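Only one structure is covered here, and it is reproduced in the block below.
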Protein chains: 2
Amino acid sequence: MEDILKNSALSVTASRKRILEIFLASDNALAHQDIETKCADQYDRVTIYRTLQTFLEKGIIHNIPSTDNMIRYALCNEACITTGHHHDNHVHFKCDDCGKTVCLDDVNIPAVNLPKGYTMKEINMVVNGICKSCK
Amino acid sequence: MEDILKNSALSVTASRKRILEIFLASDNALAHQDIETKCADQYDRVTIYRTLQTFLEKGIIHNIPSTDNMIRYALCNEACITTGHHHDNHVHFKCDDCGKTVCLDDVNIPAVNLPKGYTMKEINMVVNGICKSCK
DNA sequence: AATACTTTTGCAACAAAGTTGCATTCTTAA
DNA sequence: TTAAGAATGCAACTTTGTTGCAAAAGTATT
């Protein structure tokens, strides 16, 4: 855990370690709110906002778009952390039943051909449906 | 414009017509805020929220996820409006330069194979990069 | 065209989410 | 150990989204 922070040139603080720990312990993506409920008694709301922002910039976590006004975050793979920018090419799945959002690490986003004149920098794919636990 | 409302079994009111008009006049997807700045002097904020909600449910507009805390809305195609549910299978593109989000109506979302046990209900694909106007 | 009924709107009040500046505390590196 | 820099907590604030209710507008019927 401290390694992750040090590799990203971040100072090792209690709140950062705690938030990382929460991510490592979770099997699904977390919204700001999820993290807040897990540690708002220990750390300030503002600190959580700033920590997530920092982790995003350093490539420790990535954010997952959604249409429910709730951006969720998940740990990146090694490649992101070591290079400092994102290499997340996997599909995300949000279950309509349990509400959990997970990274489908084994499902790569297929290629798309954009119309002439468009340049792709990043691509996001989010699937909604029923997950294997709720099936 | 009135036809669209009537076809969706909605009563024709000034605010609904105005918001539809704004969408028809726009070449890109609009966030709640965009609409508010265009007509907050005429209509209440709450009305705009409720109108967008209604349009979504009736399949007049669809929402586009993003990682910037700004859900955007765009008009649906005929098929959505006539059937009352969404048939939006196109890719969305958000330009990192001008910030505009557009529907790439001609680019279909490619198929993905989900792992065993997952059922797909809806799929969203958003590409970030530089659009043809900013190129 | 007037009526009665239903739907929509605006207002107010509120709740939740996110941001900023600044003083204090903690980390790090020398 | 200490000095410099970075992160945190607090307070205050802005923005975003929600809810209940009375007033107004729309719709269908006569």
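Bear in mind that the values here come from a model prediction, so they are computed numbers and not experimental data. Proteins get letters first, then strands, A, B, ... in listed order; numbering begins at 1 in each. Hydrogens, waters and symmetry mates play no part in the numbers below; they use all other heavy atoms, side chains included.
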What N/O pairs connect the protein and nucleotides 13-22 of chain C at under 3.5 Å? Give each pair on its own line.
{"residue": "dG18(C)", "atom": "OP1", "partner": "Asn69(B)", "partner atom": "OD1", "Å": "3.4"}
{"residue": "dG18(C)", "atom": "OP1", "partner": "Asn69(B)", "partner atom": "ND2", "Å": "3.4"}
{"residue": "dG18(C)", "atom": "OP2", "partner": "Tyr49(A)", "partner atom": "OH", "Å": "3.0"}
{"residue": "dG18(C)", "atom": "N7", "partner": "Arg45(A)", "partner atom": "NH1", "Å": "3.1"}
{"residue": "dG18(C)", "atom": "N7", "partner": "Arg45(A)", "partner atom": "NH2", "Å": "3.2"}
{"residue": "dG18(C)", "atom": "O6", "partner": "Arg45(A)", "partner atom": "NH2", "Å": "3.1"}

Between protein and nucleotides 27-30 of chain D, what N or O pairs are separated by less than 3.5 Å?
{"residue": "dT27(D)", "atom": "OP1", "partner": "Val12(B)", "partner atom": "N", "Å": "2.8"}

Protein-nucleic acid N or O pairs under 3.5 Å, nucleotides 3-5 of chain D:
none

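Here dT8(C) presents its P atom at 13 Å from CD1 of Ile19(B), a figure rounded to the nearest Å. Protein atom CG of Leu5(A) is 11 Å distant from nucleotide atom P of dA7(D), rounded to whole Å. When the P atom of dA25(D) is taken as reference, atom CG of Asp44(B) falls 15 Å away, rounded to whole Å.
Ring centers of Tyr73(A) and His62(A): at least 6.0 Å apart, outside the cut-off.
DNA chain D is contacted by no residue of residues 94-102 of chain B, taking any non-hydrogen atom closer than 4.0 Å.
No contact: Thr54(A) has no heavy atom under 4.0 Å from any strand.
Within the 4.5 Å cutoff, the side chain of Asn128(B) has no heavy atoms near those of the Phe93(B) side chain. A 4.5 Å side-chain heavy-atom check between Thr51(A) and Tyr43(A) finds every atom pair outside the cut-off.
The structure places CD of Glu2(B) at 10.5 Å from CG of Leu20(B), a figure rounded to the nearest 0.5 Å.
One finds a salt bridge joining Asp68(A) and Lys94(A) here, because a Lys/Arg side-chain nitrogen approaches an Asp/Glu carboxylate oxygen to under 4.0 Å.
Between its two ends, the helix from dA1(C)-dT30(D) to dA30(C)-dT1(D) turns its axis by 40°, counting five pairs per end and rounding to 10 degrees.
Note on residues 30-50 of chain A: no pairs pass salt bridge (charged side-chain N to carboxylate O under 4.0 Å, His left out), not counting sequence neighbours.
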